[in-house]
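Read the structure below first, then the notes.
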Amino acid sequence: MLLAGRTLAIIGCGTMGEAIVAGLLRAGLLAPTQIVATTRRQEAAEAVRQRHGVRITTDNLQAIGEADAVVLAVKPQRVSKVLHEEGVGAALVGKTVISIAAGVTLAQLQSWLPESPVVRAMPNTPCLIGQGMTVLARGSRAGDAEVALAKKLFDTVGLCLEVEDKLMDAVTSLGASGPAFVYVMIEAMADGGVMMGLPRPVALQMAAQVFQGAARMVLSTGFHPAALKDQVTTPAGCTIAGILTMEDGRIRSVLARTIQEAARVASELGRDSSAEK
């Protein structure tokens, strides 16, 4: 077990919080009795309890008080408010806190939790199916043990890496927002298949599988995407014709600028959290 004889609290068991719960249970790293989660509404709490069998409450302080480590999974704008609830700061002293709030920096978190080891994590929605991408950054009080704890947790829902905190806005734009950009590309490629006569369900399944297969080729072979592309582009063939059409539309710069702009917005998400108490 990840926390044998101990308890993990998930504060804010929404989409990502529940994905983490499901991953931990699926991997057998925690038993349902070792997880206590919170939601803002009682009906939502009951739904999570029925799906996963974990303990769940609407009282953040109660959950934190029972836990040895805490995952903070509330929206960025609510982080400061939750951490400034009466008694919460004292209850978190000495406990590892893992925040998945986009845009809320380690400097902010550590200023609110000066006596807690803090790890910042940025997962994405494919964690829901165990194919997520999560990136960690450690706070000044977090050592290898706290990072290892966070990594084991997020390894249950996909891949997990560690970077410096200054790179987390880029991580947010590429990793957390990235699936949405891929969905747009899958839809566009499926539209092209429909234009050429394919039934939409067939075109959509093909486009999605093409993305999945191509991504797995990059990860499993270790080859640069350009090298894998060159394997497909035969002289005077249809693939190179299509690639030149993409280049005519400046697809590389558009996609790169997409990540740049999303990172800029991500850097501003934590500002509201700083102001709200």
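The model shown is predicted, which means the values in this text are computed figures rather than measured ones.
Panel note: side chain Ser99, backbone Ala101; a donor-acceptor pair is recorded below 3.5 Å. Between the side chain of Thr39 and the backbone N or O of Ala45, at least one donor-acceptor pair lies under 3.5 Å. Judged purely by atom type and a 3.5 angstrom limit, Gln108 uses its side chain to pair as donor or acceptor with the backbone of Thr105. With hydrogens and angles ignored, the 3.5 Å screen pairs a side-chain donor or acceptor of Lys95 with a backbone N or O of Ile64. Looking at Ser253, its side chain does come within 3.5 Å of a backbone N or O of Arg250 through a donor-acceptor pair. Formation of a donor-acceptor pair under 3.5 Å by the Thr245 side chain with backbone atoms of Ala241 is found in this model.
Partners of Glu46 according to the salt bridge (Lys or Arg N to Asp or Glu O under 4.0 Å) rule, which considers only residues two or more places apart in sequence or in another chain, are Arg49. With sequence neighbours left out, Lys151 forms a salt bridge (Lys or Arg N to Asp or Glu O under 4.0 Å) with Asp155.
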Under the salt bridge (Lys or Arg N to Asp or Glu O under 4.0 Å) criterion, do Lys81 and Glu85 qualify, and how do the steps go? CA-CA 6 Å; Lys81 183 175 182 179; Glu85 289 178 8; over 6 Å; no
Chi angles and distances behind the side chain to side chain contact (heavy atoms under 4.5 Å, CB included) call for Val88, Trp112: CA-CA 11 Å; Val88 165; Trp112 299 326; over 6 Å; no
Evaluation steps, side chain to side chain contact (heavy atoms under 4.5 Å, CB included), between Leu8 and Gln34: CA-CA 6 Å; Leu8 177 71; Gln34 293 176 272; over 6 Å; no
Could you go through the side chain to side chain contact (heavy atoms under 4.5 Å, CB included) check for Val36 and Val54 one step at a time? CA-CA 6 Å; Val36 56; Val54 300; over 6 Å; no
Tell me, with the steps shown, if Val21 and Cys13 meet side chain to side chain contact (heavy atoms under 4.5 Å, CB included). CA-CA 8 Å; Val21 169; Cys13 198; 4.1 Å; yes
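Note on Val48: it clusters hydrophobically with Leu153, by side-chain heavy-atom contacts below 4.5 Å among ILVMFWY residues. At a threshold of 4.5 Å between side-chain heavy atoms, the hydrophobic network of Ile, Leu, Val, Met, Phe, Trp and Tyr places Ile11 and Val104 in one connected group. When the side chains of ILVMFWY residues are joined at heavy-atom separations under 4.5 Å, either directly or via intervening members, Met122 and Leu167 end up in a single hydrophobic cluster. Under the 4.5 Å side-chain heavy-atom criterion for Ile, Leu, Val, Met, Phe, Trp and Tyr, Val163 and Phe154 are members of distinct hydrophobic clusters. Two different hydrophobic clusters hold Ile251 and Ile243 under the rule that ILVMFWY side chains link at heavy-atom gaps under 4.5 Å.
Contact of the Leu128 side chain with the Thr15 side chain is registered, since non-hydrogen atoms from C-beta on lie closer than 4.5 Å. Using a 4.5 Å cut-off on side-chain heavy atoms (C-beta onward), Ile56 and Thr38 make no contact. Contact annotation: the side chain of Leu83 approaches that of Leu92 to within less than 4.5 Å [non-hydrogen atoms, C-beta and beyond]. Side-chain contact check for Val118 versus Glu146: every heavy-atom pair is 4.5 Å or farther apart. Looking at heavy atoms from C-beta onward, Leu25 lies in side-chain contact with Ile35 at the 4.5 angstrom threshold. Proximity of Val74 to Arg40: side-chain heavy atoms (C-beta onward) are nowhere separated by under 4.5 Å.
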Residues 208-216, side-chain donor-acceptor partners within the protein, below 3.5 Å, at least two apart:
{"from": "Gln209", "atom 1": "OE1", "to": "Gln212", "atom 2": "NE2", "distance (Å)": "3.1"}

Going by atom type alone, with no hydrogens or angles, which donor-acceptor pairs under 3.5 Å involve a side-chain atom of residues 168-183 and a protein atom two or more places apart or on another chain?
{"from": "Thr172", "atom 1": "OG1", "to": "Met168", "atom 2": "O", "distance (Å)": "2.8"}
{"from": "Ser173", "atom 1": "OG", "to": "Ala170", "atom 2": "O", "distance (Å)": "2.9"}
{"from": "Ser173", "atom 1": "OG", "to": "Ile259", "atom 2": "O", "distance (Å)": "3.2"}

With a 3.5 Å cut-off and sequence neighbours excluded, list the donor-acceptor pairs that the side chains of residues 129-143 form with protein atoms.
{"from": "Arg138", "atom 1": "NE", "to": "Glu162", "atom 2": "OE2", "distance (Å)": "2.7"}
{"from": "Arg138", "atom 1": "NH1", "to": "Asp144", "atom 2": "OD1", "distance (Å)": "2.9"}
{"from": "Arg138", "atom 1": "NH2", "to": "Asp144", "atom 2": "OD1", "distance (Å)": "3.4"}
{"from": "Arg138", "atom 1": "NH2", "to": "Glu162", "atom 2": "OE1", "distance (Å)": "3.2"}
{"from": "Arg138", "atom 1": "NH2", "to": "Glu162", "atom 2": "OE2", "distance (Å)": "3.2"}

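When all heavy atoms of Ala9 and Ala63 are compared, the pair lying nearest together is CB-O, 3.8 Å. Residues Gly237 and Ile240 share a closest heavy-atom pair of O-CG2, 3.3 Å. Closest heavy-atom contact between Val157 and Ala19: CG1-O, 3.5 Å.
For the atom pair CG (Asp191) and CD1 (Ile186), the distance works out to 12.0 Å, reported to the nearest 0.5 Å. The distance from atom CE of Met185 to atom CG of Leu255, rounded to the nearest 0.5 Å, is 5.0 Å. For the atom pair Gln110 CD and Ser116 OG, the distance stands at 7.5 Å (nearest 0.5 Å). The structure places OG1 of Thr125 at 7.0 Å from CE of Met16, a figure rounded to the nearest 0.5 Å.
A salt bridge links Arg120 to Asp165: at least one charged side-chain nitrogen sits closer than 4.0 Å to a carboxylate oxygen. Salt-bridge annotation for Arg264 and Glu268: present, with a side-chain N of the basic residue lying under 4.0 Å from a carboxylate O of the acidic one.
Side-chain heavy-atom separations under 4.5 angstrom define the hydrophobic clusters, and the remaining members of the one that includes Met206 are Leu198, Val202.
Test Val82, Ile100, Ile10, Ile98 against Leu72 for side chain to side chain contact (heavy atoms under 4.5 Å, CB included) and you get one pass: Val82.
Heavy-atom contacts from other residues, nucleotides or ligands closer than 6.0 Å to CD of Glu164 number 12 or fewer. Around the CZ atom of Arg51, the shell of radius 6.0 Å holds more than 12 heavy atoms that belong to other residues, nucleotides or ligands. At most 12 non-hydrogen atoms from other residues, nucleotides or ligands lie less than 6.0 angstrom from CZ of Arg257. Crowding of Met246 atom CE: a count of heavy atoms from other residues, nucleotides or ligands under 6.0 Å not exceeding 12.
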